[in-house]
Amino acid sequence: AQSVTQLGSHVSVSEGALVLLRCNYSSSVPPYLFWYVQYPNQGLQLLLKYTSAATLVKGINGFEAEFKKSETSFHLTKPSAHMSDAAEYFCAVSTLTGGFKTIFGAGTRLFVKA
Amino acid sequence: DAGITQSPRHKVTETGTPVTLRCHQTENHRYMYWYRQDPGHGLRLIHYSYGVKDTDKGEVSDGYSVSRSKTEDFLLTLESATSSQTSVYFCAISESRQDFGYTFGSGTRLTVV
């Protein structure tokens, strides 16, 4: 069975600083990995996904994530935080042998200080 | 998202009453899911469907049932609502493969008093 762990339920950065949100996964088969963003009172929106092509994946709003198999990680980064990036971010994993299901992490809330 | 709508958006109900939440999609996607979101737990899968009349349980299915009689509609029913079912419920849809990612509805905030 697959699982996801997001390190840090809350992360605070200053505007213009690097954003780093950590995600580690567990899977016995090659995973598909996703990052979603949720703004207040809205549903989740797909930010980016890794599907076994390039290990560095670029998403919307300047975010990117790197798949590192040796570290079982899929950390989300953005070089320069903007106030509009304040939201909750979810890492998720699915596999071909995991049925039609995706498993989500507990989420990390990002705060951006002016 | 314009292709998926949930109704109602908010509901307050009393303990012991049945409640039905509706998810409607216009994308003709085969797969539909119901998740609940609670602080500290992320999203947990309640039930999912891989086609009309084809459904299966997720990790937190106790106290919930689902039905899918048409491709576009996926209903979630709380047979007898309890306070522990107070949550935000999200419907999601996906295309055929696990690597496509989900499109989520805007959620239903349910309060059981």
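Quick note on labels: first sequence line is chain A, next is B, and so on, each numbered from 1. The basis for the numbers below is simple: all heavy atoms, side chains too, and nothing from hydrogens, waters or symmetry mates.
Transitive grouping of hydrophobic side chains (ILVMFWY, heavy atoms separated by less than 4.5 Å) brings A/L110 and A/Y39 into a common cluster. Using a 4.5 Å cut-off between side-chain heavy atoms of Ile, Leu, Val, Met, Phe, Trp and Tyr, with links allowed through other members, A/V93 and A/L7 fall into different hydrophobic clusters. Residues B/V60 and B/M32 share a single hydrophobic cluster, defined by chaining ILVMFWY side chains whose heavy atoms lie under 4.5 Å apart. Hydrophobic clustering (ILVMFWY, side-chain heavy atoms < 4.5 Å, transitive): A/V11 and A/M83 are in one cluster. Following chains of ILVMFWY side-chain contacts shorter than 4.5 Å, one cannot reach A/Y25 starting from A/L56, and the two form parts of different hydrophobic clusters.
Heavy-atom contacts from other residues, nucleotides or ligands closer than 6.0 Å to CZ of B/R109 number 12 or fewer.
Closest non-hydrogen pair, A/N41 versus B/R9, comes out as O-NH2, 3.9 Å. The heavy-atom pair separating A/A106 from B/G40 by the smallest distance is CB-O, 3.7 Å. The minimum heavy-atom distance linking B/Q37 with A/F90 is given by the pair NE2-CZ, 3.2 Å.
Residue contact with chain B, scored on non-hydrogen atoms closer than 4.5 Å, involves the side chain of A/Q38 exclusively. With a 4.5 Å cut-off on non-hydrogen atoms, B/Q6 does not touch chain A at all.
The OG atom of B/S94 sits 11.5 Å away from atom CG of A/L46, with the distance rounded to the nearest 0.5 Å.
Counting only heavy atoms from C-beta outward, the side chains of A/I103 and B/L43 never approach each other to under 4.5 Å.
Aromatic rings from B/Y35 and A/F104 are positioned such that their centres are separated by under 6.0 Å.
Side-chain atoms of B/Y102 come within 3.5 Å of backbone atoms of A/T102 as a donor-acceptor pair (strictly under, hydrogens ignored).
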